[in-house]
Amino acid sequence: MSFGEFPNGAGDVRMSEIERRILLTGATGYVGGRLLPLLERRGFRVRCLSRRPDSLQSRVAAGTEVVAGDVLDRASLDAAMQGVDMAYYFVHSLGAARDFEQEDREAAVHFGAAARAAGVRRIVYLGGLGDARQNLSKHLRSRHETGELLRASGVSVVELRAAIVIGSGSLSFELIRALVERLPIMICPKWVRVRTQPIAVEDLLEILCEVLDLPNGPSQQFEIGGPDQVSYGGIMQEYARQRGLRRLMIPVPVLTPRLSSLWLGLVTPVYARVGRKLVESLRNPTLVSNDDASRAFSVRPRGLREAIARALINEDRELAATRWSDALSSAGRTTNWGGVRFGSRLVDSRTATVAVPPDAAFVPIQRIGGRTGWYYADWLWRVRGSLDLLAGGVGIRRGRRDPVQLSVGDALDFWRVEGFEPGRMLRLQAEMKLPGRAWLEFEVTGDEHQSTIRQTALFDPVGLAGLLYWFSVYPLHQFVFAGMLRNIAAAATSGAASESLPQQSASVKPLDRGPQ
């Protein structure tokens with residue numbers, strides 16, 4: 001029986017629209033945030049539960065509801081559950097300051113009770129793998145207990161148990177990525193040798209969608225994972241291979257979870273409290289013990305090598321599709337002296353406001369480079385071009401094809417036009433010699449009276465050399481890029497810059513969103 005039908009005395013009939021509504025928790029999180037657009041594209045009526053609905057409202061489709069609620073507040077759940085047929089439960093309290101196990105218990109009890117009272121047909125819960133007969137970590141024990149408490153509500157529960165999810169932005173994958181990127185020599189404690197069965201995020205999402213087609217019935221558990229059983233060290237080695245990095249891994253029998261978590265807090269974006277809980281859970285093997293999922297779902301998960309390759313490709317696509325302002329402070333400045341991390345990338349962004357419409361604000365941006373120059377400290381740009389020539393790069397001699405017209409693919413000094421939307425956006429990819437990849441992006445938004453120009457520099461470092469390069473030039477970037485934006489803003493408001501640009505030719509391509 002497919003989702004959208006239910007048994008009746010007269011046989012299978014179509015559900016009404018209100019009965020097909022899906023409640024999605026965790027829509028601002030990693031898995032929930034990626035599942036949401038899939039559900040929307042498939043035509044389901046989705047209601048998102050969020051403690052901060054304002055932060056989610058701009059990301060959802062027109063027909064998707066966003067309601068305020070908290071899984072620790074039963075009254076808010078009662079309201080959110082009205083008219084819901086199925087609910088996805090992507091909630092955990094790993095980052096909670098107090099006892100996260102107790103918070104997880106309270107949340108699961110409240111959610112299950114509210115779902116039963118509202119007549120919800122099914123709860124879909126994403127938990128964690130691990131043999132309950134072993135001495136499980138607090139994190140994995142809590143994941144299992146949450147499933148049990150949801151089932152105790154009397155609502156049918158489909159529990160999917162997974163290990164590490166391979167995908168750009170996944171907490172576990174970002175931890176592994178940061179270790180490999182930052183440490184040429186790694187002292188590896190015992191947990192690095194523990195075996196796991198990772199799954200690609202695309203495969204996980206497809207399974208979460210296929211759950212909608214499962215027939216009505218009692219609660220079920222499915223263990224899901226890719227075909228490869230590997231150690232965490234093996235995942236690190238495969239990531240290093242695909243990134244072209246050489247890494248020496250030295251196994252040691254020590255490093256307690258507490259010491260490991262402090263070490264992780266120093267070298268990865270994961271802070272020590274969450275790091276300790278993650279490391280404690282890594283001591284347990286997380287392997288699939290049966291093939292029930294392969295019989296219930298059509299998805300055949302990809303292997304580790306392809307999963308990592310897809311994660312790196314998708315990072316480029318997500319980078320292009322994401323507004324940098326979403327990851328930055330409201331003031332438009334970086335949140336610390338070293339820039340903001342976006343996946344493996346470092347971001348430095350700033351804004352300027354000008355009292356002209358967007359088309360006029362974009363005029364000096366479209367003319368950048370070549371004979372126009374870079375609006376500030378041109379002599380430093382020429383020095384950088386000379387150093388690039390000495391290193392075997394293209395230098396700054398190429399100039400630009402036309403002083404005004406631009407197209408995707410044009411060379412522009414030692415950059416290349418990667419994305420261009422007339423009057424709105426210009427993204428340049430660096431072609432100078434670098435220990436990594438770099439971009440410079442300008443975006444203009446506003447109305448007929450005022451515009452905001454956002455300038456964003458991005459760097460995808462390769463290994464320790466890339467990180468050292470970024471931090472060494474960062475103070476200079478603050479000086480040069482700030483001056484550049486200031487002078488672009490001044491040029492936009494001057495009489496010369498406000499002249500209209502010639503009409504772009506029809507051959508101009510739209511923004512290239514990266515590999516698909």
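Here the CG-CD distance, from D228 to E238, works out to 9.0 Å after rounding to the nearest 0.5 Å. Separating the CZ atom in R400 from the CD atom in Q405 is a distance of 9.0 Å, to the nearest 0.5 Å. With values rounded to the nearest 0.5 angstrom, L428 atom CG is found 5.5 Å from L440 atom CG. Between the CG atom of L126 and the OH atom of Y89 there is a distance of 12.0 Å, given to the nearest 0.5 Å. Going from atom CD of Q82 over to atom CZ of R21 covers 10.0 Å, rounded to the nearest 0.5 Å. For the atom pair E431 CD and L412 CG, the distance stands at 10.5 Å (nearest 0.5 Å).
A donor-acceptor pair under 3.5 Å is absent between the side-chain atoms of R247 and the main chain of A240, judged by distance alone. No donor-acceptor pair closer than 3.5 Å links the side chain of Y375 to the backbone N or O of A489. The closest donor-acceptor contact from the side chain of T372 to the backbone of R367 lies under 3.5 Å. A donor-acceptor pair under 3.5 Å is absent between the side-chain atoms of S451 and the main chain of G446, judged by distance alone. Of the possible polar contacts, one joining the D410 side chain to the S407 backbone as a donor-acceptor pair under 3.5 Å is found. No donor-acceptor pair closer than 3.5 Å links the side chain of S170 to the backbone N or O of G167. Remark: side-chain polar atoms of S50 are not paired, donor with acceptor, to backbone N or O of A68 under 3.5 angstrom. A donor-acceptor contact shorter than 3.5 Å is absent between the side chain of T64 and the backbone of V60. Judged purely by atom type and a 3.5 angstrom limit, T196 has no side-chain atom pairing as donor or acceptor with the backbone of A163.
Within a 6.0 Å radius of CZ in R241, other residues, nucleotides and ligands contribute more than 12 heavy atoms. Counted within 6.0 Å of CZ on R51, heavy atoms from surrounding residues, nucleotides or ligands total 12 or fewer; the atom is thus considered open.
The two residues A80 and L23 have their closest heavy-atom pair at O-CD1, 4.1 Å. Across every non-hydrogen atom of L24 and L35, the tightest pair is CD1-CD2, 4.2 Å. The heavy-atom pair separating V66 from P53 by the smallest distance is CG1-CB, 3.6 Å. Taking all atoms of both residues into account, the shortest heavy-atom contact from V84 to M86 is CG1-O, 3.3 Å. Contact between A87 and F111 at its shortest, heavy atoms only, is CB-CZ, 3.8 Å. For L426 against I365, the heavy-atom pair with the smallest separation is CD2-O, 3.7 Å.
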Check step by step if side chain to side chain contact (heavy atoms under 4.5 Å, CB included) holds for Y239 and L312. CA-CA 9 Å; Y239 178 85; L312 296 176; 3.9 Å; yes
Test L204 against I224 for side chain to side chain contact (heavy atoms under 4.5 Å, CB included), laying out the working first. CA-CA 8 Å; L204 170 61; I224 58 176; 3.6 Å; yes
Between I22 and R45, is a side chain to side chain contact (heavy atoms under 4.5 Å, CB included) present by the stated rule, with each step listed? CA-CA 6 Å; I22 295 171; R45 299 181 64 191; over 6 Å; no
Before giving the answer on side chain to side chain donor-acceptor pair (under 3.5 Å), spell out for Q455 and S349 the whole-Å C-alpha distance, their side-chain angles and the decisive distance to 0.1 Å. CA-CA 6 Å; Q455 173 204 73; S349 187; over 6 Å; no
Worked check of side chain to side chain donor-acceptor pair (under 3.5 Å) between D413 and W381: CA-CA 10 Å; D413 293 338; W381 290 92; over 6 Å; no
Please determine whether side chain to side chain donor-acceptor pair (under 3.5 Å) holds for the pair D348 and Q478, giving the CA-CA distance in whole Å, both sets of side-chain angles, and the decisive distance to 0.1 Å. CA-CA 9 Å; D348 171 26; Q478 293 294 289; 3.1 Å; yes
Apply the test side chain to side chain contact (heavy atoms under 4.5 Å, CB included) to residues D447 and Q450: give CA-CA distance (whole Å), side-chain angles for both, the deciding distance (0.1 Å), then the verdict. CA-CA 6 Å; D447 54 34; Q450 181 175 283; 4.2 Å; yes
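A salt bridge between D388 and K433 is absent, with no side-chain N of the basic residue lying under 4.0 Å from a carboxylate O of the acidic one. A salt bridge links D460 with R243: the closest approach of a Lys/Arg side-chain nitrogen to an acidic carboxylate oxygen falls below 4.0 angstrom. Using a cut-off of 4.0 Å between Lys/Arg side-chain N and Asp/Glu carboxylate O, R454 and E443 are scored as not salt-bridged. Ion pair R42/E210 not flagged as a salt bridge, since none of the NZ, NE, NH1 or NH2 atoms sits closer than 4.0 Å to an Asp/Glu carboxylate oxygen.
Residues F479 and Y376 bring their aromatic ring centres within 6.0 Å.
With a 4.5 Å cut-off on side-chain heavy atoms, F442 and T456 do not count as touching. Counting heavy atoms from C-beta outward, I488 and V354 have side chains that stay 4.5 Å or more apart. Between L304 and P198, some side-chain heavy-atom pair lies under the 4.5 Å cut-off. Counting only heavy atoms from C-beta outward, the side chains of L212 and V124 never approach each other to under 4.5 Å. Between D70 and L77, the closest side-chain pair of non-hydrogen atoms is not below 4.5 Å. A heavy-atom distance below 4.5 Å is not found between the side chains of M425 and V444. Counting heavy atoms from C-beta on, the side chains of W374 and M484 come closer than 4.5 Å. Side-chain contact between W415 and I396: absent, with no pair of heavy atoms (C-beta onward) separated by less than 4.5 Å.
Seen from the ring of F459, R437 does not count as a face-on cation partner, given the 6.0 Å and 45° thresholds.
When only modelled atom types and interatomic distance are considered, W439 and E418 share a side-chain donor-acceptor pair under 3.5 Å.
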